[in-house]
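Indexing begins at 1, ligand by ligand and atom by atom, following the structure's order.
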Amino acid sequence: MMEMAYIFDSHAHYDDEQFDEDREDLLEELKQKGVGGILNMSSDYASIKRTVDLTKKYDFIYGAIGIHPENADEYSEAVKEEILALLKEEKMKAIGEVGLDYYWESNPPKELQQKVLRDQYEIARSLGLPVILHDREAHEDILRMAKEYRDVTSVFHSYSGSVEMAREIVKLGGYLGISGVLTFKNSRKLPEVVKEIPLDRLLIETDAPYMAPVPYRGKRNRSDYLLGVVERIAEIKGISVEEVLLATANNARRLLKL
Ligand code: NI
């Protein structure tokens with residue numbers, strides 16, 4: 001039997017309020033348009049429950065649970081207990097979106113962010129789940145942590161680092177999330193990363209509602225827009241769009257043990 005090529009969006013936020021007015025219609029439409037899988041991220045305490053609800057309502061949506069570094073001060077023993085309980089739900093397949101964000105001065109202190117990330121890596125390790133990482137201006141610290149937890153599979157979401165760092169991530173058995181940034185005119189490092197890193201280490205992702213690719217840049221992002229990213233990967237690697245779709249969907253299924 002022929003395998004069907006479809007989009008597996010490895011990182012999206014469909015619980016975001018930007019989807020409140022048309023979420024149901026949109027998700028139904030995406031399914032019709034060949035989006036076969038979505039991993040929805042939690043970002044703060046409230047979004048954890050919204051993510052669980054989405055996974056119950058839609059057969060093609062899976063969930064990641066975690067506290068984003070910008071909200072690290074929301075993390076507590078009680079929240080951890082709740083995360084552990086919700087991870088027992090059938091379709092919760094990853095820890096995310098977690099990580100380090102040193103960009104915004106208003107963010108919680110680095111030490112707290114690191115402690116919260118470490119704690120969530122421990123949860124991932126104890127349950128054998130992958131970790132979906134947000135890394136902004138924190139390449140060195142986050143790579144060090146990923147190496148420390150090399151028995152946990154780390155996904156670098158919307159990858160923005162160098163080819164050298166990408167090679168280190170591959171050595172750890174990790175994955176790179178390739179977002180709409182690849183289609184931006186000023187994107188220089190990322191095409192090189194896509195060229196150099198084997199296809200079996202790449203995932204595609206929207207980060208919807210953010211990061212819409214060209215020609216939708218600045219608009220609300222959605223998973224079917226990923227075709228532009230897929231076409232660019234195919235062009236860079238000199239392979240077909242179908243090959244990219246098949247490989248990235250297989251990678252996502254392998255990562256999430258589907
Ligand atoms: Ni995100």
Side-chain angles (χ1 to χ4, degrees), residues 7-20 23 26-27 30 35 37-55 61-72 74-75 83 92-104 106-108 113 116-117 120-121 124 129-139 142 146 153-161 169 174-184 187 190 202-213 216-226 229 248 251-252 255-256:
I7 288 172
F8 198 119
D9 184 352
S10 67
H11 189 120
H13 301 267
Y14 281 106
D15 63 296
D16 190 280
E17 62 182 12
Q18 288 190 51
F19 295 109
D20 280 354
R23 184 175 294 107
L26 176 64
L27 288 170
L30 291 177
V35 177
I38 294 170
L39 181 63
N40 201 75
M41 294 294 131
S42 314
S43 50
D44 59 8
Y45 179 68
S47 78
I48 289 175
K49 288 201 170 131
R50 295 198 301 262
T51 293
V52 173
D53 289 346
L54 280 175
T55 66
I61 299 187
Y62 303 88
I65 292 189
I67 300 291
H68 191 284
E70 279 179 33
N71 307 308
E74 276 190 7
Y75 194 82
I83 288 175
M92 307 315 288
K93 300 291 187 187
I95 302 294
E97 172 174 353
V98 298
L100 301 173
D101 191 320
Y102 297 166
Y103 181 75
W104 301 105
S106 55
N107 277 356
Q113 291 189 37
V116 170
L117 175 58
Q120 295 182 97
Y121 253 119
L129 294 172
V131 160
I132 317 294
L133 294 167
H134 169 103
D135 162 22
R136 195 157 184 202
E137 313 246 313
H139 294 335
I142 213 159
T153 304
S154 295
V155 176
F156 283 68
H157 133 67
S158 192
Y159 184 70
S160 62
I169 292 164
Y175 292 86
L176 310 177
I178 307 301
S179 69
V181 172
L182 185 66
T183 66
F184 297 172
S187 172
L190 197 54
L202 303 183
L203 299 166
I204 51 171
E205 59 161 74
T206 50
D207 204 15
Y210 313 107
M211 307 278 260
Y216 309 105
R217 196 171 176 177
K219 292 194 179 152
R220 186 183 72 169
N221 203 358
R222 42 187 279 178
S223 301
D224 53 341
Y225 290 176
L226 270 177
V229 175
T248 51
N251 296 345
L255 173 76
L256 304 175

Cation-pi geometry met for Arg217 and Phe184 (6.0 Å, 45°): yes
Applying side-chain hydrogen bond (donor to acceptor under 3.5 Å, both in side chains), can you list everything that pairs with Asp15, at least two apart in sequence or on another chain? Asn40, Arg50
Check the side chains of Asn251 and Thr248 for a donor-acceptor pair under 3.5 angstrom, ignoring hydrogens and angles. no
Please examine the side chains of Pro69 and His134, heavy atoms only from C-beta on, and report whether any two atoms are closer than 4.5 Å. yes
What's within reach of the Ni ion (ligand 1), meaning protein N/O/S atoms under 2.8 Å? His11 NE2, His13 NE2, Glu97 OE1, Asp207 OD1
If we ignore angles and hydrogens, is there a donor and acceptor under 3.5 Å between the side chains of His13 and Asp207? yes
Minimum side-chain heavy-atom gap Asn221-Tyr216 below 4.5 Å: no
